[in-house]
2 protein chains.
Amino acid sequence: MPRVNLPLSTEFALLGFLRRQPMHGYEIHQHLSDATGLGLVWHLKQSQLYALLSKLEREGYVTTTVEYQNTRPPRKMFELTETGRQTFQEWVQRPVQQGRKLRLDFMAKFYFAQMEGPEVALQLIEQQRLACRDWLHQLEQEAEPLRQSRPYDWLVHKFRIGQIEAMLAWLDTCQEMLPAAIH
Amino acid sequence: MPRVNLPLSTEFALLGFLRRQPMHGYEIHQHLSDATGLGLVWHLKQSQLYALLSKLEREGYVTTTVEYQNTRPPRKMFELTETGRQTFQEWVQRPVQQGRKLRLDFMAKFYFAQMEGPEVALQLIEQQRLACRDWLHQLEQEAEPLRQSRPYDWLVHKFRIGQIEAMLAWLDTCQEMLPAAIH
DNA sequence: AATCATTAGTCATTGATTGAGTATTCCTAA
DNA sequence: TTAGGAATACTCAATCAATGACTAATGATT
């Protein structure tokens with residue numbers, strides 16, 4: 001049971017598929033292969049998915065057992081370890097700390113948070129709001145003195161500020177939608 | 001002179017450094033290593049930069065000549081080929097076609113476009129505006145029917161719509177700033 | 001005099017990603 | 001009915017990207 005804890009991040013989302021019951025790789029791939037739900041934001045080749053699952057196993061977040069079938073190829077069933085379960089719980093509630101992680105990492109967190117129920121989703125939304133507001137203030141501080149001296153740098157800051165403001169507005173929308181978003 | 005034309009994209013930005021005069025890798029790295037200008041948006045390790053430059057050479061966009069110095073280590077000078085020059089001209093004017101390329105690819109284009117002068121920058125801005133408006137319409141079409149049936153998918157669309165609207169607003173800001181942004 | 005940053009680039013290794021392959025079985029339509 | 005294709009389930013080799021460490025000389029600093 002090796003616990004190396006390399007810098008995993010996006011791949012933790014895969015733990016979400018296993019949070020209720022064990023699953024085999026092929027089934028996870030099916031969930032991701034049509035452009036709906038998490039498949040709308042995360043496109044993974046089959047071989048890439050299996051590679052990530054192996055990595056999660058190597059690092060002790062999941063264990064596998066081979067399940068032989070009468071007629072079909074045998075399945076490798078993936079199951080959360082206790083570490084895996086804890087890691088998922090933490091991951092799904094922790095806001096992302098960089099703007100570039102909003103598109104994929106945050107959307108994956110929100111996907112599972114929303115499936116876990118409104119409390120979890122609301123918690124994530126609120127935490128992410130705080131993180132965004134921090135970025136915003138910091139960027140506004142940094143932008144101020146650049147306006148005259150470094151127009152390009154100032155515009156880059158303005159771009160980021162705009163993206164984060166849009167994110168904050170969207171988080172409000174999420175909150176309003178929440179009751180409807182529960183499956 | 002191999003011309004393979006693999007799917008290069010971000011690395012074309014490096015051609016921008018050579019558009020006025022030949023340069024060696026170390027100097028390009030210096031331009032990127034402080035967090036201003038292009039270095040604000042593109043963080044490249046030294047070895048990674050050299051790897052990209054070699055790739056551009058392999059594919060025929062640049063040629064190299066070694067320049068020996070009396071006391072310092074010899075420099076490998078990179079110079080645009082005619083293909084490289086044309087490729088840069090096309091690259092710098094062509095809008096990006098995916099939202100996730102706004103952060104890096106578009107900012108790199110805009111960096112050099114703006115250095116080339118207001119006409120080039122205005123052209124890029126206008127082209128990017130058109131691309132963004134297309135995305136926006138398409139996303140709005142797609143989002144419509146999802147509202148009731150697939151709340152998560154609808155929210156993902158809303159997120160993207162928000163990011164693109166923010167981009168469009170920012171493009172207006174760029175246009176207003178342009179006269180000041182020229183060095 | 002010793003130490004540290006600068007110059008300029010290489011290299012080996014690890015990690016990520018891809019496309020293709022495998023082998024069985026089920027379904028469908030001529 | 002039988003040929004062809006899609007589905008099931010995973011593996012593998014090969015390429016591509018990325019990282020950290022290294023070299024080796026000079027100049028600057030304390």
Side-chain angles (χ1 to χ4, degrees), chain A residues 2 4-14 17-18 21-34 39 42-59 61-79 100-101 104-105, chain B residues 2 4-14 17-18 21-34 39 42-59 61-79 100-101 104-105:
Chain A
V4 192
N5 226 59
L6 290 180
L8 305 199
S9 64
T10 314
E11 43 268 56
F12 283 146
L14 294 176
F17 287 109
L18 312 173
Q21 74 285 129
M23 222 181 252
H24 54 100
Y26 189 79
E27 191 181 352
I28 295 178
H29 182 248
Q30 283 180 317
H31 280 95
L32 289 173
S33 64
D34 53 341
W42 199 10
H43 306 288
L44 264 185
K45 300 274 165 79
Q46 207 182 11
S47 45
Q48 177 66 5
L49 168 63
Y50 284 111
L52 293 181
L53 287 170
S54 300
K55 195 166 147 195
L56 289 172
E57 188 186 5
R58 267 206 317 280
E59 316 248 342
Y61 300 108
V62 301
T63 52
T64 61
T65 42
V66 179
E67 190 176 274
Y68 295 94
Q69 305 180 99
N70 40 5
T71 160
R72 289 292 178 188
R75 296 162 161 173
K76 201 188 263 186
M77 301 298 288
F78 292 86
E79 194 175 350
R100 72 182 92 132
K101 296 201 167 165
L104 181 50
D105 287 67
Chain B
V4 193
N5 225 59
L6 290 181
L8 305 200
S9 62
T10 315
E11 43 269 57
F12 283 146
L14 294 176
F17 287 109
L18 312 173
Q21 74 284 130
M23 221 180 251
H24 54 100
Y26 189 79
E27 191 181 351
I28 295 178
H29 182 248
Q30 284 180 316
H31 279 94
L32 289 173
S33 64
D34 53 340
W42 199 11
H43 306 286
L44 263 185
K45 301 274 164 79
Q46 206 182 9
S47 44
Q48 177 66 6
L49 168 64
Y50 283 112
L52 293 181
L53 287 170
S54 299
K55 195 166 147 196
L56 289 171
E57 187 185 7
R58 268 206 316 282
E59 316 248 343
Y61 300 107
V62 302
T63 52
T64 61
T65 41
V66 178
E67 190 176 271
Y68 295 94
Q69 305 180 99
N70 40 5
T71 162
R72 290 292 178 186
R75 296 163 162 176
K76 202 187 263 187
M77 302 297 287
F78 292 86
E79 194 175 351
R100 72 183 89 130
K101 296 201 166 164
L104 181 51
D105 288 68

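Per chain, numbering begins at 1; letters A, B, ... match sequence-line order. The analysis underlying the following values was restricted to heavy atoms, covering all of them including side chains, and did not include hydrogens, waters or symmetry mates.
Ring centroid separation for the pair A:F12 and A:Y61 comes in under the 6.0 Å cut-off.
OP1 or OP2 of C:dG9 lies within a sub-4.0 Å distance of a side-chain N or O belonging to B:H24. One finds a side-chain N or O of B:Y26 lying less than 4.0 angstrom from the OP1 or OP2 phosphate oxygen of C:dT7. Dashed line: the shortest gap from a side-chain N or O of B:K76 to OP1 or OP2 of C:dT10 is under 4.0 Å. Contact between the side-chain N/O atoms of A:Q69 and the OP1/OP2 oxygens of D:dT8 is not found at any separation under 4.0 Å. Taking 4.0 angstrom as the limit, A:K55 places a side-chain polar atom (N or O) nearer than this to OP1 or OP2 of C:dA16. Note on A:Q30: every side-chain N or O is 4.0 Å or more away from OP1 and OP2 of D:dA9. Proximity of B:Q46 to the phosphate of C:dT7: no side-chain N or O atom is located under 4.0 Å from OP1 or OP2.
Here the nucleotide nearest the side chain of B:Q48, chosen from D:dT19, C:dA8, C:dT7, is D:dT19. In the set D:dG20, C:dG19, C:dA8, C:dG19 carries the atom at the smallest distance from any side-chain atom of A:K45.
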Protein and nucleotides 25-29 of chain D: nitrogen or oxygen contacts under 3.5 angstrom:
residue: D:dT26; atom: O3'; partner: B:T71; partner atom: OG1; Å: 3.4

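Side-chain atoms of A:E57 and A:T64 form a donor-acceptor pair, as typed in the model, at a separation below 3.5 Å.
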